[in-house]
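Notes to accompany the following structure.
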Amino acid sequence: MRQPLLRLSQITKSFGAVRALKGVSFELHPGEVHALLGENGAGKSTLIKVITGAHQPDGGTLEIGGTTVSNLTPTRARKLGIACIYQQPALFPDLSVSENIGLRLEGGAFFAKVHWKQRRKNADALLARIGAALDPETPVRSLSMPEQQLVEIACALGSGAKTVIMDEPTASLTQVEQELLFGVVRDLRASGAGVVYISHRLEEIFALADRVTVLRDGQSISTRAVRSELGAMELTEEELISLMVGREVASIYPHRGGSPGETVLELENVCCAAGGIANISLAVRAGEILGLAGLVGAGRTELARVLFGITPADSGTIRLLGRNVQVRSPQQAVSLGIGYVPEDRRRHGVILPMPIAENMSMAVHPKLFPGKWLRFEAERALGLRFIEELGIKAYGPEAPGGSLSGGNQQKVSLARWLATEPRLLILDDPTQGVDVGAKSEIHRIIRDLAAKGLAVLMISSDLPEVLGMSDRIAVMRGGRLVETFEGSTATAQRVMSAALRPS
Ligand SMILES: Nc1ncnc2c1ncn2[C@@H]1O[C@H](COP(=O)(O)OP(=O)(O)OP(=O)(O)O)[C@@H](O)[C@H]1O
Ligand SMILES: [Mg+2]
């Protein structure tokens, strides 16, 4: 057998008292896609950071291409042929796409002469190779998150790396970009590179991976072949889930609600030029979950931002519980009983240095602390309650947001808005990056909230989630609402074709 690209044995790593990795062994072969699976906080990102030289392990050995390496730095890892696509793109916003790609790939000797034409040609070729329709001259700041992610992918591809690591690369992508990404992964495999692929979406693991290693509580539990040499499936979804959580998990969606109550939110011809949305008319009733589907750039997040007063509407009518309202600021939205869990938790969600209990109580300060007296006990109780209810993995309510894994940060951001007990809850990709166990917990919580009379507007790029959770599904395209389906009759096919149909 050929030399493995990576061989890790008994890797350990602690952060203070937290033992993130307690002994992980892992191998990556040339020409394989090796998935890494585990619950939120299992240690996946930490393991990746050991491989890319971002963290020094406390113990164990790391071999790259058959050679044991110690004191690995990110620069050295890159030189050894390791490229990583993190969940958050790390590009220079003021530079163009081709400048970003050029800087990353040309190795950045400070005074090196820049060959603009060549740079542009390279960028063109790489973008074409992944099938991304982006103009290399566009400044990165005007690209959406998924588009930036495509640029990151182009960089990884262009670096000629033999080991490409992807940490939840599809979390912010919708179906179309996902297909592009899958094409890139298969290309890399065919060219003999190895890919380490982290995702909470089991269907992706079954579609892409050759092998999967399951981490639980900082330990590698098992490495299994996903399919045999002949292509037969070797592993079932149930087996994989129980390896991961060590118990049974209901992966089915909760039952839909009964008959909905009064109309909570009603929009008539709502327009917002700054957000690129026009003539949106819809209604959400108490007890109802309205799923908002569409491709990246269809205007779903923009609509949420209009409703939450971040980019207020220019015209049209917004009615809450039968009353015409103007939503001019987030504060106003909160006082009207609107809660909003945004998609990009790093930018709008959790404040990393702040304890999680404070992160959760931020939107309910006036309720929790009547008068001026700070009631730490109340805040702590709130923290403890949501740590318990959402199964947040943290050492306590005083743990800073930044010490939590990505999925657990997402739960903190959800808790903040659940604490406000809103009438209308807007969720933007609520289970993005959340593991399967916690995902079904969150689904149950959303359904329970609806059952208590909350109106829920749920944006999701996870098609099975939209189909499984929504009482009705509204599809947006090009900033407009193009079709609405009853949840019980909608199919993936119908929703996708409404989202894709050229206008
Ligand atoms: N910088 C840090 N400081 C303190 N604790 C940390 C730090 N980074 C990670 N941890 C802890 O290490 C453990 C593993 O976290 P890690 O980010 O590797 O999880 P993960 O498997 O990537 O989870 P997710 O699926 O949620 O992204 C968690 O308990 C987390 O709280
Ligand atoms: Mg992670």
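Just so it is clear, the model here is predicted, and its values are computed rather than measured. Indexing begins at 1, ligand by ligand and atom by atom, following the structure's order.
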Legend entry - Part of Asn40 within contact of ligand 1 (heavy atoms, under 4.0 Å): both
Inset, instruction - Determine, using heavy atoms of Gln409 and all atoms of ligand 1, whether some pair is separated by less than 4.0 Å. - result: no
Legend entry - Option among Ile153, Val151, Leu180 that satisfies the side chain to side chain contact (heavy atoms under 4.5 Å, CB included) test with Ile130: Ile153
Inset, instruction - Give the numbers and elements of all ligand 1 atoms closer than 4.0 Å to a heavy atom of Leu404. - result: 31 (O)
Inset, instruction - Give the atoms of ligand 1, by number and element, whose distance to some non-hydrogen atom of His200 is under 4.0 Å. - result: 25 (O)
Legend entry - Shortest heavy-atom approach to atom 16 (P) of ligand 1 - which of Thr46, Asp435, Asn408, Asp167: Thr46
Legend entry - Test item, Gln410 contacting ligand 1 (heavy atom, 4.0 angstrom): no
Inset, instruction - Using a strict cut-off of less than 4.0 Å between a Lys/Arg side-chain nitrogen and an Asp/Glu carboxylate oxygen, indicate whether Arg224 and Glu239 qualify as a salt bridge. - result: yes
Inset, instruction - Determine the interplanar angle of the Tyr197 and Phe182 rings, folded into 0 to 90°, and report it as parallel if under 30°, tilted if 30 to 60°, perpendicular if over 60°. - result: perpendicular
Legend entry - Side chains of Thr46 and His55, donor plus acceptor under 3.5 Å: no
Inset, instruction - Before accepting this row, confirm whether a basic side-chain N of the pair Glu39/Lys393 lies closer than 4.0 Å to the acidic partner's carboxylate O. - result: no
Inset, instruction - Confirm or rule out an N/O/S atom of Ser45, from backbone or side chain, lying less than 2.8 Å from the Mg ion (ligand 2). - result: yes
Inset, instruction - Ignoring hydrogens, just give me the one of Ala20, Gly41, Gly43 whose non-hydrogen atom is nearest atom 23 (O) of ligand 1. - result: Gly41
Inset, instruction - Using distance alone, decide if ligand 1 has a nitrogen or oxygen within less than 3.5 Å of any nitrogen or oxygen in Val18. - result: no
Legend entry - Nitrogen or oxygen of Lys393 less than 3.5 angstrom from that of ligand 1: no
Legend entry - Atoms of ligand 1, numbered as shown, that sit under 4.0 Å from any heavy atom of Ala42: 19 (O), 21 (O)
Inset, instruction - Return a yes/no value for Gly402: is any of its N or O atoms, backbone included, closer than 3.5 angstrom to an N or O of ligand 1? - result: no
Inset, instruction - Mark yes when over 12 heavy atoms from residues, nucleotides or ligands other than Tyr395 sit less than 6.0 Å from its OH; otherwise mark no. - result: yes
Legend entry - Electrostatic pair Arg19-Asp217, nearest N-O below 4.0 angstrom: no
Inset, instruction - Check the angle between the aromatic planes of Tyr253 and His443 and answer parallel, tilted or perpendicular using the 30° and 60° thresholds. - result: tilted
